[in-house]
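Worksheet: one structure, shown below.
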2 protein chains.
Amino acid sequence: MPTINDVAKAAGVSPSTVSYVLSGRRPISAETRARVQAAIAELGFHPHAGARALASSKTNVIALVAPLRVDVNVPVIMQFATAVVTAARSYNHDVLLLTKDEGTAGLERVAHSTMVDALILMDLERDDLRIPALRRLKQPSVLIGLPADHTGIACVDLDFGAAAREALSHLAGHGHRRIGLVGPSPAVYKRQTTYADRFLTGFLDASVDLGLRTVTHPCEPGAEGVRSCMADLDAELDGITALVVHNEEALRPLLDLLHATGRRIPEDISVVAVCPRDVATAMPVALTSIDIPAHDVGTLAVETAMRLLDGRSVEYTRLLAPSLVERDSCREISASHR
Amino acid sequence: MPTINDVAKAAGVSPSTVSYVLSGRRPISAETRARVQAAIAELGFHPHAGARALASSKTNVIALVAPLRVDVNVPVIMQFATAVVTAARSYNHDVLLLTKDEGTAGLERVAHSTMVDALILMDLERDDLRIPALRRLKQPSVLIGLPADHTGIACVDLDFGAAAREALSHLAGHGHRRIGLVGPSPAVYKRQTTYADRFLTGFLDASVDLGLRTVTHPCEPGAEGVRSCMADLDAELDGITALVVHNEEALRPLLDLLHATGRRIPEDISVVAVCPRDVATAMPVALTSIDIPAHDVGTLAVETAMRLLDGRSVEYTRLLAPSLVERDSCREISASHR
DNA sequence: TTGAAAGCGCTACCAT
DNA sequence: ATGGTAGCGCTTTCAA
């Protein structure tokens with residue numbers, strides 16, 4: 001492997017000049033630049049990442065901490081990861097993939113050993129133990145999620161509270177007055193993943209504001225979980241005409257159950273889902289949905305990290321506005337039915 | 001951040017001694033070791049990864065090249081990634097995540113700049129353009145898949161040919177004589193992802209060996225794709241009593257279709273799926289399936305990379321034996337029905 | 001069993 | 001506009 005010295009000799013310049021051609025940090029005459037670039041190309045020179053990191057204290061790598069268990073929402077995780085890697089590359093950075101199960105130790109390991117310039121974390125919990133650790137790192141971090149005390153740490157996420165309000169106001173606008181929420185699994189609430197709470201709070205607030213009768217219930221995965229969740233909802237509120245589903249996994253078995261029990265969508269019951277676009281459209285009935293903009297969130301997380309890295313200002317809490325797309329699962333209820 | 005020199009001073013030894021305590025590459029007296037370790041702990045010393053890489057020419061990082069498009073089998077990809085990261089950590093390595101769309105350039109970039117010690121690639125195509133590039137790298141690589149000419153490059157995968165044989169022999173053992181294959185989407189064949197071919201070849205060979213009447217067809221995603229695939233299969237072969245499904249995405253719509261057309265599983269038609277265990281069990285009818293052992297394959301890929309890195313011998317083609325698990329989707333056909 | 005010191009390949013400061 | 005060079009923090013010979 002050729003080094004910067006080899007290039008310098010081949011081009012008849014000093015190593016520092018080669019370095020400056022590479023970094024553009026000082027003016028170089030067109031002629032010199034051309035000679036250097038020719039030498040670089042000819043020798044197939046690639047700067048040694050470690051040497052660079054050592055000399056410059058920058059690695060051009062960011063850590064992405066992902067929940068690699070299978071129990072969580074796999075497609076959404078993949079979309080975040082894709083977006084983060086793609087965005088990082090567009091800023092000339094690479095991505096080191098860490099798993100959440102390494103916990104605080106993993107963060108400290110990569111940060112203290114200077115493997116990364118910044119960290120992006122997903123699947124944050126309400127009182128996530130990693131947050132105090134992040135504060136102690138010299139590298140900045142960006143969270144995808146919104147834990148309780150995130151003072152001084154940048155957070156990016158969908159505005160789940162607004163998403164709930166949007167779902168309800170869409171249904172209310174179609175004349176629905178009795179609405180059930182099929183929530184995430186109890187495990188999600190237990191883990192204190194904050195989006196569940198934020199959605200629920202928004203849902204309850206909006207119910208009051210819009211004067212709706214609503215009922216909410218978590219939903220275990222699988223056909224049995226869906227069955228019992230629906231039974232609970234129906235038991236607690238008569239004449240439900242619409243469901244909001246904030247549980248991607250439950251979506252499919254729920255539609256099956258509704259079908260099996262003869263409740264047609266949207267004739268007998270309307271449904272608004274919160275899930276990625278492609279999941280909504282892949283269902284037997286294309287679902288009116290609020291998108292989880294994983295791509296936008298991931299990209300924004302990287303942008304935020306980059307701003308932090310070069311000392312520019314950032315908004316420390318960035319909640320993306322939800323957008324509801326109408327498809328085939330919601331129906332207008334005529335006044336006589338209300 | 002404390003350096004190795006700080007630790008050396010604190011422990012009253014030379015920096016090299018600290019280094020040897022860390023690496024264990026030469027004997028250190030118990031007493032000295034203790035002093036050094038105390039100093040390391042007290043100062044919170046973590047060796048600088050870049051400095052280490054520069055001095056030792058080892059990064060302790062491996063690249064994982066994944067297809068981060070959403071069109072491919074997302075859960076399986078995640079399982080591979082999880083396994084690779086976990087296994088890598090167990091060997092004290094980290095994982096740099098690359099996307100397939102960077103192509104050859106991405107591989108060369110991370111390899112030439114010495115960011116990684118080895119590479120693991122998934123989603124290989126039959127005549128993958130990246131293979132010649134891999135051969136030129138100084139770092140070893142391991143493929144998850146089996147492209148046409150993989151001379152000199154280690155490959156790890158499920159033995160899809162054997163998987164097809166296993167599926168057919170299971171069905172034949174249950175008395176089935178007319179069997180259809182619901183294959184991957186045409187896009188997969190077009191992309192020349194080799195597992196499709198290997199499965200198909202195994203399927204056709206086994207049909208002959210077992211004296212079966214079989215018919216095969218690719219299957220577009222979605223309800224419509226499944227419908228037309230089944231129509232083709234039925235048209236080409238009367239009285240199909242069993243299906244082999246090598247298409248995870250098609251599984252769900254296929255079961256819906258069979259249900260809708262009154263073909264009960266397993267009473268009217270038996271099904272063997274090739275998919276991850278949890279996908280098989282999540283279906284309305286728990287499916288007899290051949291597992292895609294993503295975890296094992298990923299782990300083995302890392303082990304192979306590690307062996308390569310420390311110059312140990314490896315098998316250059318490692319095809320894992322399939323294992324079929326009986327569940328509720330296959331039925332014995334009595335002799336009178338044959 | 002331990003120490004000294006020469007690099008590893010690059011960046012960035014100080015010169016000119 | 002360019003060159004010289006002192007580190008960056010570690011590993012690893014060579015010596016003792």
Return yes if some donor-acceptor pair links the side-chain N/O of [X] with the main-chain N/O of [Y] below 3.5 Å, else return no.
{"X": "B:D117", "Y": "B:Q139", "result": "no"}
{"X": "A:D94", "Y": "B:L97", "result": "no"}
{"X": "A:T193", "Y": "A:Y195", "result": "no"}

Could you check how far [atom1] of [X] sits from [atom2] of [N], rounded to whole Å?
{"X": "B:I40", "N": "D:dC10", "atom1": "CD1", "atom2": "C1'", "value": "13 Å"}
{"X": "B:I4", "N": "D:dC8", "atom1": "CD1", "atom2": "C1'", "value": "14 Å"}
{"X": "B:K9", "N": "D:dC10", "atom1": "NZ", "atom2": "P", "value": "12 Å"}

Listed partners of A:T114 passing side-chain hydrogen bond (donor to acceptor under 3.5 Å, both in side chains), at least two apart: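 With neighbours one apart ignored, the set is empty.
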Close approaches to DNA chain C from residues 15-34 of chain A, in residue order (heavy atom, under 4.0 Å):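 DNA chain C contact set from residues 15-34 of chain A: A:S16, A:S19, A:Y20, A:R25, A:R26.
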Identify, residue by residue, the members of residues 45-57 of chain B with a heavy atom below 4.0 Å from DNA chain C, and return them in order of residue number, or none.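 Heavy-atom cutoff 4.0 Å gives B:L54, B:A55.
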Report the residue from A:S19, A:S14, A:S16 that forms a side chain to side chain contact (heavy atoms under 4.5 Å, CB included) with A:I4.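 That would be A:S19.
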Please name all residues satisfying ring-ring contact (aromatic ring centres under 6.0 Å, His included) with B:H112, sequence neighbours left out, ordered by chain then number.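 ring-ring contact (aromatic ring centres under 6.0 Å, His included) check on B:H112 returns A:H46.
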Residue pairs passing the salt bridge (charged side-chain N to carboxylate O under 4.0 Å, His left out) test where at least one lies in residues 137-156 of chain B, sequence neighbours excluded: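 Passing the test, one end in residues 137-156 of chain B: B:R135-B:D149.
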Does anything in residues 299-314 of chain A pair up under salt bridge (charged side-chain N to carboxylate O under 4.0 Å, His left out), and if so which pairs, sequence neighbours excluded?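 The answer is A:D310-A:R312.
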What donor-acceptor contacts under 3.5 angstrom involve side-chain atoms of residues 99-106 of chain B, with partners at least two apart or in another chain?
residue	atom	partner	partner atom	Å
B:T99	OG1	B:D101	OD1	2.6
B:K100	NZ	B:D123	O	3.4
B:K100	NZ	B:D123	OD2	3.0
B:K100	NZ	B:E125	OE2	2.7
B:E102	OE1	A:R89	NE	3.3
B:E102	OE1	B:R109	NE	3.4
B:E102	OE1	B:R109	NH2	3.3
B:E102	OE2	A:R89	NE	3.1
B:E102	OE2	B:R109	NH2	3.0

Are A:D157 and A:R198 within salt-bridge range, i.e. N to O under 4.0 Å?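 Looking at A:R198 together with A:D157, the answer is yes, because their closest N to O distance falls below 4.0 Å.
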Which is the 5'-most and which the 3'-most nucleotide of DNA chain C that has an atom under 4.0 Å from a heavy atom of chain B?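 It runs C:dT1 to C:dG9.
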Report for the helix from C:dT1-D:dA16 to C:dT16-D:dA1: angle between first-end and last-end helix axes, five pairs each, rounded to 10 degrees.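 Answer rounded to 10°: the end axes differ by 30°.
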Any pair with a residue in residues 2-30 of chain A that passes ring pair (Phe, Tyr, Trp, His ring centres under 6.0 Å), sequence neighbours left out, goes on the list, sorted by first then second residue, please.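 Ring pair (Phe, Tyr, Trp, His ring centres under 6.0 Å) check on residues 2-30 of chain A returns no pairs.
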I need the full list of ring pair (Phe, Tyr, Trp, His ring centres under 6.0 Å) pairs touching residues 124-157 of chain B, with sequence neighbours left out, sorted by first then second residue.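 Listed once each, the pairs would be none.
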Tell me which donor-acceptor pairs under 3.5 Å the side chains of residues 31-41 of chain A have, and how far apart each pair is, sequence neighbours excluded?
residue	atom	partner	partner atom	Å
A:T32	OG1	A:S29	OG	2.8
A:R33	NH2	A:I28	O	3.1
A:R35	NE	A:A11	O	2.9
A:R35	NH2	A:A11	O	3.2

